[in-house]
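First comes the structure, then the notes that go with it.
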Amino acid sequence: MQFNGNYPTLRRIFNVYNTIFHFSLKIFMSDFIRNDQELRRLEELEHLRSAGINPYPALFEKTHSSKTILSTFSDDAPPASFSVSVAGRIMAIRKMGKATFCHIQDAEGKIQIYIKKDDLPEFYELLPMLDIGDIIGIEGYVFRTRTGEISVHSRSAALLCKSLTPIPIPKEEIDEQGNKVVHDAFADKELRYRRRYVDLIVNPNIREVFRKRSKIISTMRRFFDDRGWLEVETPILQPLYGGASARPFVTHHNALDVQLYMRIALELYLKRLIVGGFDGVYEIGKNFRNEGMDKTHNPEFTMMEIYIAYKDYHWMMEMVEDLFSTIAMEVNGNYEVKVGENHINLAPPYRRATMFDLLTEATNMNLRGLSREELLSAAKTLKVEVEPTASQMKILDEIFSQTVQPTLIQPTFVMDFPVEMSPLAKAHRTEEGLVERFELYANAGELTNCFTELNDPLDQRARLEEQASIRADGDDEAMQLDEDFLFSIEVGMPPTAGLGIGIDRLVMLITGQESIRDVLFFPQMKPENKS
RNA sequence: GAUCCCGUAGCUCAGUGGUAGAGCAUCUGACUUUUAAUCAGAGGGCCGAUGGUUCGAGACCAUCCGGGAUCACCA
């Protein structure tokens, strides 16, 4: 693990090999070497090996992280009394003749390393073979430099991984006002998404978004588990798709020689489990929809759906308030989040209003019960653009999206949708033509969808048959008729409330990100075509 | 699919028709508490591709390729 070998000869080896090696590398590895810097790093690698150094050792005993060193160090302790062993990626090298400063970066931050030639003559000889991007391990003691930075004074050092390709090197400066200025930032969005690992190295602040993502999900899981609800897994490959209006990805199973679909929703299988006798089940998993991509849509995305027997959508609204405020507090330490210019307060209670009341508020028109033609003329009056061929519900949805939705910055439960928009929701207990459903909006975006679930088997069959006929008329997003699901409802499902949460959008809200791509490690990209 | 913008050194970007540029990175040298380290020097380019206009194109025009943003489609 430690460097050893005959270092005075290293220079000679370097020189002797240089000519031969340079040419042979160029010939044999021309496909892999993209520039002079990579060629040079390959040479360095070979030179290190020929000096008896393993550039990829298996293990390093690390005792401290950069963060613990910085938070534990005390100026009152006796000098050189705080011994540590740290490892990380070299992010900066400042060579000052016979002393060198490096910053290494580990999972929790950066720390400065001080290497003096007198302390480590053999390692010092090798320093020219190391580059920004290499990973090293350092054993030494912690001290504060003359300029005040807590640093590790090396007593021994080892190369842990030689990096063969240069990474972008942003530099940070603290300007006169005390603000951090980043120079040469790695800002090319495409490259950041395609090479997320480089992005994570170079822009470590984005790791924070993903740590929060993880915490949001673990908090949610604990919240549900503490209440005794069961986490389950249901099929992703399905013979029929359903539970939402969307076009699916189609695949094929060779052994059975059948066409299968990637699921577009979790709903229909989770309800079967409520039929099966569980009181509360939830699943967190990927859904796949074969549709467009934009700031709020990725072809695969993470959905949480939960079904609780003997509850309704009123109960679920309180549960959502409880859940979202708990997550905000656990993850951010307060209820307020800032997304763009909007400050959103997630402290309960959230506003509750029916869809048609909100429409009336925004348009001064009563749109309930209007025919397709009447809605079309209302849209015209409101200057809402709709396709001339749009269905009645599509027009209504469009009016809502353009007039109401942009105003829903603070969390708002939008309640009671038309039955035609909700084939799996229970008819409203008092309002004709509506269903017991809510969507929670915040920052002008939909976060959750919930119904009192439809458990009347005859009504459910009629609704899905209606979907099937819409489908037969050419709407390939209408639901398929899933006889096994209908059979399960005929067996009998208790009164149940169901809720879906788009996890990616929740993460966007909680972390203040404005694009779904910034909360996914590897967002879907066009294939990379080199021209 | 539509509109707009972008493509120049490893990275970030200047370059409005006349010899291809800067900072960082890389290489050589100096420097034993530096920190955007500094100082002195060096190498590095099919200017996305093809065609055109011109005495002359990185720049102007056309087409194509790649990418981004907005919209549309879509929760």
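A, B, ... follow the sequence lines: proteins, then strands. Residue 1 opens every chain.
The shortest distance between the side-chain N/O atoms of A:K98 and the OP1/OP2 oxygens of B:rA30 is not below 4.0 Å. One finds a side-chain N or O of A:R517 lying less than 4.0 angstrom from the OP1 or OP2 phosphate oxygen of B:rG68. Using a 4.0 Å cut-off, no side-chain N or O of A:R94 falls inside it from OP1 or OP2 of B:rU38. When the side-chain nitrogen and oxygen atoms of A:K95 are compared with OP1 and OP2 of B:rU38, none of them lie within a distance under 4.0 Å.
In this structure, A:I93 atom CD1 and B:rA36 atom C1' are separated by 15 Å, rounded to whole Å.
Looking at which nucleotide of RNA chain B each of A:R146 and A:A92 is closest to, the 5′-most match is held by A:R146.
Here, B:rC27 and B:rC65 have their C1' atoms 35 Å apart, quoted to the whole Å. To the nearest whole angstrom, the two P atoms, one in B:rG1 and one in B:rA37, are 46 Å apart. Spacing of C1' atoms, B:rA59 relative to B:rU53, comes out at 13 Å, to the nearest Å. The same atom, P, is picked in B:rG67 and in B:rC61; the two are 23 Å apart, to the nearest Å. Only the C1' atoms considered, B:rC60 is 26 Å distant from B:rA22, to the nearest whole Å. The same atom, P, is picked in B:rC46 and in B:rG58; the two are 13 Å apart, to the nearest Å. Between the C1' atoms of B:rU8 and B:rU16, the separation comes to 16 Å (whole Å). Rounded to whole Å, the separation between the C1' atoms of B:rU12 and B:rA25 comes to 11 Å.
Across all strands shown, A:A244 has no heavy atoms under 4.0 Å from either base or sugar-phosphate atoms. Here A:Y441 lies in heavy-atom contact (under 4.0 Å) with a base. Residue contacts for A:D118: at a heavy-atom cut-off of 4.0 Å it reaches a base atom on one of the strands shown. Here A:S401 lies in heavy-atom contact (under 4.0 Å) with a base. If you check every strand for non-hydrogen atoms under 4.0 Å, A:H153 touches nothing. Contact annotation for A:K117: no contact, since no heavy-atom pair falls under 4.0 Å across all strands. Among the atoms of the strands shown, only primed sugar atoms or phosphate atoms (P, OP1, OP2) are found under 4.0 Å from some heavy atom of A:K394. At a threshold of 4.0 angstrom between heavy atoms, the contacts of A:Q405 include nucleobase atoms, whether or not backbone atoms are also involved.
One N or O donor and one acceptor, one from the side chain of A:D294 and one from the base of B:rC73, sit under 3.5 Å apart. In this model, a side-chain donor or acceptor of A:Q112 finds a partner on the base of B:rU34 within 3.5 Å. Not a single donor-acceptor contact under 3.5 angstrom links the side-chain atoms of A:T147 to the base of B:rU33.
Ring geometry for A:F249 against A:F288 counts as perpendicular: the plane angle is over 60°, on a 0 to 90° scale with 30° as the lower cut.
Nucleotide B:rC39 has B:rG29 as its partner under the Watson-Crick or G-U criteria, with both atom distances under 3.5 Å. Nucleotide B:rU53 is matched to nothing when pairs are restricted to Watson-Crick or G-U wobble geometry with both distances under 3.5 angstrom. Across the strands present, B:rU16 finds no partner; the criterion is a Watson-Crick or G-U wobble pair with both atom distances under 3.5 angstrom.
Side-chain atoms of A:R40 lie closest to B:rC27 of the nucleotides B:rA25, B:rU32, B:rC27. The A:P166 side chain lies nearest to B:rG10 when the options are B:rC73, B:rG10, B:rU33. Taking the side chain of A:H297 as heavy atoms from C-beta on, and the options B:rC27, B:rC74, B:rU70, the nearest nucleotide is B:rC74. If you check B:rC11, B:rG10, B:rU32 against the side chain of A:P168, the one that comes closest is B:rC11. Of the candidates B:rU34, B:rU32, B:rA25, the closest approach to any side-chain atom of A:F101 belongs to B:rU34. Here the nucleotide nearest the side chain of A:E291, chosen from B:rU35, B:rC74, B:rU32, is B:rC74.
Under a 4.0 Å N-O distance rule, the pair A:R263/A:E283 qualifies as a salt bridge.
No cation-pi contact links A:R196 to A:F521, judged by a cut-off of 6.0 Å to the six-membered ring centre and 45° from its axis.
Looking at A:E446, A:Q405, A:R352, A:M355 one by one, the single match for side-chain contact (heavy atoms from CB on, under 4.5 Å) with A:V414 turns out to be A:M355. Between A:N287 and the choices A:I264, A:L266, A:T302, the side-chain contact (heavy atoms from CB on, under 4.5 Å) rule is met once, by A:L266.
The side-chain heavy atoms of A:I344 and A:Q410, taken from C-beta on, include a pair separated by under 4.5 Å.
A:R437 places a side-chain N or O within donor-acceptor distance of the main-chain N or O of A:M421, the cut-off being under 3.5 Å. A donor-acceptor pair under 3.5 Å is absent between the side-chain atoms of A:R517 and the main chain of A:K295, judged by distance alone.
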